[in-house]
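A note on names: the letters A, B, ... follow the listed sequences, proteins ahead of strands, and every chain is numbered from 1.
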Protein chains: 2
Amino acid sequence: MSEREYDIGTAELEVLSALWELGPSTVRAVLNHLHERGRRVAYTTVLTYMTRLEAKGFVRTDKREQAYVYRAAVTQSKVRRSRLRQLLDQLYDGASAPLALQLIRQGRFTREEIDELRQLIDRLDVKRGGSQPD
Amino acid sequence: MSEREYDIGTAELEVLSALWELGPSTVRAVLNHLHERGRRVAYTTVLTYMTRLEAKGFVRTDKREQAYVYRAAVTQSKVRRSRLRQLLDQLYDGASAPLALQLIRQGRFTREEIDELRQLIDRLDVKRGGSQPD
DNA sequence: GACTATCCACGACGTTTGTAGTAGATTTTG
DNA sequence: CAAAATCTACTACAAACGTCGTGGATAGTC
């Protein structure tokens, strides 16, 4: 029912993404993860992001022994849906079709992905009218 | 070649969208357009957005008689592509397929749109390897 | 010609975001 | 234990953004 707003900045989202990928982690672990992929940022900066994410309710912390352990409190799925809807509303007048077409035209797909897309579309075609948004 | 950054705020984008829809317009015209669709905002606010958009090179102005006429200096297409790429990078690890699948699953489509999608996919299937991003 | 509406240049202000340093507490290590 | 490393709380700060108000210039109206 609700369409909560996910106001997460770019840098904050990188951190949240790290948590999705790594699972519950300390600031240090997230920092290392970011460094590994070439992202230059200071420890305290990451700490700030995580603190802010917590304040906004997007992550939770467990007081552990040494350091706090943070874990995502929102699913990637939800954020994806929210951002997608935002994109649709802002630039496609809310309509999915134009974006879908653009995406398929400009994206690169493997044969498997193409088959999957086709199957999905075929199924769509059949069970019209009872759409239960994913 | 270039993948210019389109740093346009939400409110600024509303204004730019109005220009895409209305064509070259004065601040007053854009304001009216926004008001018509229930968007409450002051004249000077819109003026500020337009000035900022101009400073960033996203719109141009023609000194006319009475008032300035603003027109978009970037196409909707370009902004769409840029934002789509951003979304893909930030939340889909750059891969188009997952988003395409999600979009098709959660979107609502008319039969015509479905046919169009299918045709596009069929064509994709054939001319693999020579993708010329739109 | 005086009043009124319109237009824009500037400045302002609070919030969000990216980014990080300092300092004090705690833990690990030599 | 003393020194070094680690951790978190706090503070800071600049840029971006959303949002307007003021005030002076111009134009249209009675």
Side-chain angles (χ1 to χ4, degrees), chain A residues 4-19 24-35 37-71 74 79 82-83 86 89-90, chain B residues 4-19 24-35 37-71 79 82-83 86 89-91:
Chain A
R4 180 176 178 188
E5 281 294 323
Y6 292 92
D7 274 1
I8 307 176
T10 308
E12 286 171 1
L13 187 53
E14 284 175 351
V15 165
L16 186 54
S17 293
L19 289 180
S25 312
T26 61
V27 174
R28 179 67 54 180
V30 169
L31 178 70
N32 288 153
H33 181 79
L34 294 179
H35 278 173
R37 52 204 55 203
R39 178 69 157 90
R40 288 302 172 65
V41 71
Y43 180 94
T44 47
T45 302
V46 176
L47 175 61
T48 299
Y49 296 152
M50 293 173 96
T51 303
R52 287 179 183 169
L53 284 170
E54 194 194 4
K56 297 182 192 170
F58 298 133
V59 309
R60 298 257 164 65
T61 71
D62 283 312
K63 256 187 220 298
R64 283 292 166 80
E65 329 120 34
Q66 261 238 65
Y68 285 97
V69 170
Y70 293 76
R71 59 190 164 65
V74 286
V79 176
S82 156
R83 289 290 243 262
Q86 218 178 282
D89 288 345
Q90 286 185 170
Chain B
R4 180 178 177 186
E5 282 295 323
Y6 291 92
D7 274 1
I8 307 175
T10 307
E12 285 170 1
L13 186 54
E14 284 176 351
V15 164
L16 186 54
S17 293
L19 289 180
S25 312
T26 61
V27 174
R28 180 65 55 177
V30 169
L31 178 69
N32 289 152
H33 181 79
L34 295 179
H35 279 173
R37 51 205 56 201
R39 179 69 158 86
R40 287 305 170 68
V41 71
Y43 179 95
T44 47
T45 303
V46 176
L47 175 60
T48 299
Y49 297 152
M50 293 174 96
T51 303
R52 287 179 183 168
L53 283 171
E54 194 193 4
K56 297 182 193 171
F58 298 133
V59 309
R60 298 257 164 66
T61 70
D62 283 312
K63 258 185 217 301
R64 282 293 165 81
E65 331 120 32
Q66 264 237 62
Y68 286 96
V69 170
Y70 292 76
R71 60 193 163 64
V79 176
S82 157
R83 290 290 243 263
Q86 218 178 281
D89 289 345
Q90 287 186 169
L91 281 168

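Atom-to-atom, CD of A:Glu12 to P of C:dT15 comes out at 17 Å; the value is rounded to the nearest Å. Residue B:Leu47 contributes atom CG, which lies 13 Å from atom C1' of C:dG11 at whole-angstrom precision. The interatomic distance linking A:Asn32 (CG) with D:dA5 (C1') rounds to 14 Å, in whole Å. We find that OH of B:Tyr70 is positioned 6 Å from P of C:dC8, with the value rounded to whole Å. Summarising the geometry, the separation between CG on A:Leu53 and P on C:dT16 is reported as 14 Å, rounded to the nearest angstrom. Atom P of nucleotide C:dC7 and atom CE of B:Met50 are separated by 12 Å, given to the nearest angstrom. What separates CG of A:Leu34 from P of C:dG18 is a distance of 13 Å, to the nearest Å. Nucleotide D:dA16 holds its C1' atom 13 Å from the CD1 atom of B:Ile8, rounded to whole Å.
Looking at heavy-atom distances under 4.0 Å, A:Tyr68 makes contact with sugar-phosphate atoms alone, never a base. Within the nucleic acid shown, A:Arg28 comes within 4.0 Å of sugar-phosphate atoms alone, with no base atom in reach, counting heavy atoms only.
Contact annotation: A:Tyr49 side-chain N/O to C:dT17 OP1/OP2 distance is not under 4.0 Å. When the side-chain nitrogen and oxygen atoms of B:Lys56 are compared with OP1 and OP2 of D:dC17, one or more of them lie within a distance under 4.0 Å. Look at A:Arg40 and you won't find any side-chain N or O under 4.0 angstrom from OP1 or OP2 of C:dA20. For C:dC8, the OP1/OP2 oxygens have a side-chain nitrogen or oxygen of B:Tyr43 closer than 4.0 Å.
In this structure a side-chain-to-backbone donor-acceptor pair under 3.5 Å is present from B:Lys56 to B:Asp7. Side-chain atoms of B:Thr44 do not come within 3.5 Å of backbone N or O of B:Leu47 as any donor-acceptor pair. Panel note: side chain B:Arg83, backbone B:Tyr6; a donor-acceptor pair is recorded below 3.5 Å.
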**Report entry** Worked check of side-chain contact (heavy atoms from CB on, under 4.5 Å) between B:Tyr70 and B:Val27
**Finding:** CA-CA 8 Å; B:Tyr70 292 76; B:Val27 174; 3.7 Å; yes
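Between B:Arg40 and B:His35, the shortest heavy-atom distance links the atoms CA-CD2, 4.4 Å.
Of the candidates C:dT19, D:dT19, C:dC8, the closest approach to any side-chain atom of A:Thr48 belongs to C:dT19. With D:dT8, D:dG18, C:dT19 as the candidates, the nucleotide lying closest to the side chain of B:Thr10 is D:dG18. For B:Gln66, taking side-chain heavy atoms from C-beta onward, the closest of the listed nucleotides C:dT19, C:dC7, D:dC17 is C:dC7.
For C:dG21, the base has a donor-acceptor partner in the side chain of A:Thr44 [N/O atoms by modelled type, under 3.5 angstrom]. No hydrogens or angles were tested; on distance alone, a donor-acceptor pair under 3.5 Å links the side chain of A:Arg52 to the base of C:dT19.
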